Amino acid sequence: MHLNTARAICHDCAIRLASLMKQIILAMLKAALEKAHAHGKLKSIPTMIGLEAPRDPAHGDIATNLALAMARSEGQPPRAIAEIILEHIVLGHQVLEARAAGPGFINFRMAPAFWQGEIRRAMRDGAAFWRPQIGDGRKVQVEFLSANPTGPLTVGHGRNAVLGDTIARLHEATGYATTREYYFNDGGRQMKLLGESVRARYLEELGREVSFPEDGYQGDYIRDIAHALKESRGDELADQGDLEPFRTAAVDAIFADIRKTCARLGVRFDVYTNELDLIRGGAVDAALAGLRERGLIAEYEGAVWLRGEPLGLPKDAVLVRKTGEPTYRTPDIAYHIDKLKRGFDLIIDVFGADHIAEHNEVIAAVRALGHDTASIRAIIYQFVTLTRGGEKVKMSTRKATYVTLDELIDEVGADVVRFFFLFRKSDSHLDFDLDLAKRQAPENPVFYVQYAHARLASVFREAEKAGYQRPAPDADADLALLSDEELGLAKLAVGLPEVIEAATIELEPHRIPFYLLELAGEFHRYYNKPANRIIGADQSLTMARLYLAALLMDALRNGLQLIGVNAPERM
RNA sequence: GCGCCCGUAGCUCAACUGGACAGAGCAUCGGACUUCGGAUCCGAGGGUUGGGGGUUCGAAUCCCUCCGGGCGCGCCA
């Protein structure tokens, strides 16, 4: 179904893996399996091989559950199969050892020279190393945010913006031709209501008695727009019947604000698609006609309905109101067909949990119209709550107590907003702890990670005073001098590409901040031991350690860049 | 009532997508500075992974069921 998974790997595509270690081990296992099979020791050769990093480092660098998985079909105990495989393995110079362990795992330990080579490769190849090119130029579209321009972005929109943007960044970085798209509804009822709200405030500004529209937009920003309109146009709009100037003024002003807020977070879009163009282009009518042809339309109570039953949906859903206006989902069906026709290999929709039902309806309708929707993937996030002083901050639009995204950025800064929004699985509710977010202390994960980077930068400043240059990739450093602890740090650092690969394929950007926190933690622990002073009396050792430090800094910087968080040299 | 998501340490969450003794941070308690930035580190306590069944060599992860929370459930988006 999906491109790949992190664990079970088809060994013919091993060459595509971010991890050279996995490529090597897979090739070795494949060769061993074939040899054992040829010798009649094994009945068959599995097509998928599971590889995983053992939790306990004492178990080596990488392990396979191959023997466990084969036990049933081979009719032998796992340990016996493991021994057969081991008999046919040729280690070579890069793999130090392979041994059977536990219930039937085969554990591998790579040679120090292999890791030294990986460190050099990372330093030499730079971005090409850190960002595995798994996309092959395939076309991806990420549709996100897609908030209608009816008011300022809320905290909830923030999670969408950061999630979508980071998913786009991940795909861009890994070799996908990525389009970031913002879709909004400007044809419907809400826009009309927005225009009416502005007109009412405008007339108020002119001192006239007016009744504010029911369900109108009450926020102060409407007054600001109306005020600006009075400043620029005087009273010339007062007695003409056209709503359009108010609507346009509102949409323009609000969109400008939305873009400004996005820019503060480093979020940008390539394409804005609006409902009105789809309607004018006939796409919405065409979708409706297609559904009607297929008998998927019902008409009653004055409205046009999408029939739920033949589509496997729990209920009918309104497509066209009795007023003749389409509902949100109708142009959305046309929009998804449009996206499919544009030839993307992968279409990613980012939206909140409250839209699940609507999305299901849209996809069902699109499929019923004869389109293959397999390339569409949805990333659905749960809601955001704010906590301050252990109390939930009430966010209600109605009571105007809601916190806007801008206010949140004002309070804690863009880096913290981005990091915190990504620091949860999208399936999980996100509790944004404002007290923690504002703390400039190690318990704040953002500062903890950034501090690791700044600390390394400081080491290089210090090293320069002692006459050392920042090591070039081909620097004369003897990496064999590195201790096991240092090699462990390096292993973690060169594991970043795999994390990026998994985060991209699984659409799970939260893996990046978690990884960064771990790397920063390992570094801080290492750094704090007096025996590990990087700049010391031994010049060769100093060189080796500076080389390692440069590697760590590269990993931290690349990871932070990918999630749009600054990697400061000083804090 | 129905559908989707969630339930893991006192709190907020991870767990490489079915693997080896379930891990972090916060909070609590106790420690470490003539340090390349202490914005850091070390140690301790804390768990029947909501309960119960099942599948499997192996389950926090998959299935069933119950309990609890969130979201949604025809003319908002």
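This one's a predicted model, so the numbers in the text were calculated from it and none came from an experiment. Naming: A, B, ... by sequence-line order, numbering from 1 per chain.
- Within 4.0 Å (heavy atoms only), Ala303(A) reaches at least one base atom of the nucleic acid.
- Heavy atoms of Glu325(A) sit nowhere under 4.0 angstrom from any nucleic acid atom.
- If you check every strand for non-hydrogen atoms under 4.0 Å, Arg533(A) touches a base.
- Contacts of Asp56(A) with the nucleic acid, taken as non-hydrogen atoms under 4.0 Å apart, include base atoms.
- When heavy atoms are screened at a 4.0 angstrom cut-off, Arg189(A) is found touching the sugar-phosphate backbone but no base atom.
- Side-chain atoms of His510(A) stay outside donor-acceptor range of the base of rA14(B), with no qualifying N/O pair under 3.5 Å.
- Comparing rU28(B) with rU65(B), their P atoms are spaced 44 Å from each other, to the whole Å.
- Asn528(A) contributes no side-chain N or O that forms a donor-acceptor pair with the base of rC42(B) under 3.5 Å.
- Using a 4.0 Å heavy-atom criterion, one finds that Asp215(A) contacts no nucleic acid atom at all.
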Nucleotides 3-12 of chain B: protein proximity per nucleotide (B base, S sugar-phosphate only, - neither; heavy atom, under 4.0 Å):
-SSS-----S
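- Set against rA77(B), rG19(B), rG74(B), the side chain of Val318(A) has rG74(B) as its closest nucleotide.
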Which nucleotides of RNA chain B pair, in dot-bracket form (Watson-Crick or G-U under 3.5 Å, | meaning another strand)
(((((((..((((.....[...)))).(((((.......))))).....(((((..]....))))))))))))....
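- Here the separation of rG31(B) from rG45(B), taken at their C1' atoms, is 15 Å to the nearest Å.
- At a threshold of 4.0 angstrom between heavy atoms, the contacts of His524(A) are confined to the sugar-phosphate backbone, with no base atom among them.
- With sequence neighbours left out, the salt bridge (Lys or Arg N to Asp or Glu O under 4.0 Å) criterion links Arg470(A) to no other residue.
- Tyr527(A) comes within contact range of at least one nucleobase, with a heavy-atom separation under 4.0 Å.
- Atom name C1', nucleotides rC57(B) and rG46(B): the rounded distance is 32 Å, in whole Å.
- Among the atoms of the strands shown, base atoms are found under 4.0 Å from some heavy atom of Ala454(A).
- Nucleic acid contact for Ala466(A): none, since no nucleic acid atom lies under 4.0 Å from a heavy atom of the residue.
- Annotation: Tyr182(A) is not in aromatic contact with Phe144(A) [ring centroid separation under 6.0 Å not met].
- A donor N or O paired with an acceptor N or O is found under 3.5 Å between the base of rG19(B) and the side-chain atoms of Asn65(A).
- Residues Asp332(A) and His336(A) are in side-chain contact: their nearest non-hydrogen atoms beyond the backbone lie under 4.5 Å apart.
- For Trp305(A) and rG74(B), the ring-to-base geometry does not satisfy the stacking test (centroid distance below 5.5 Å, interplanar angle below 30°).
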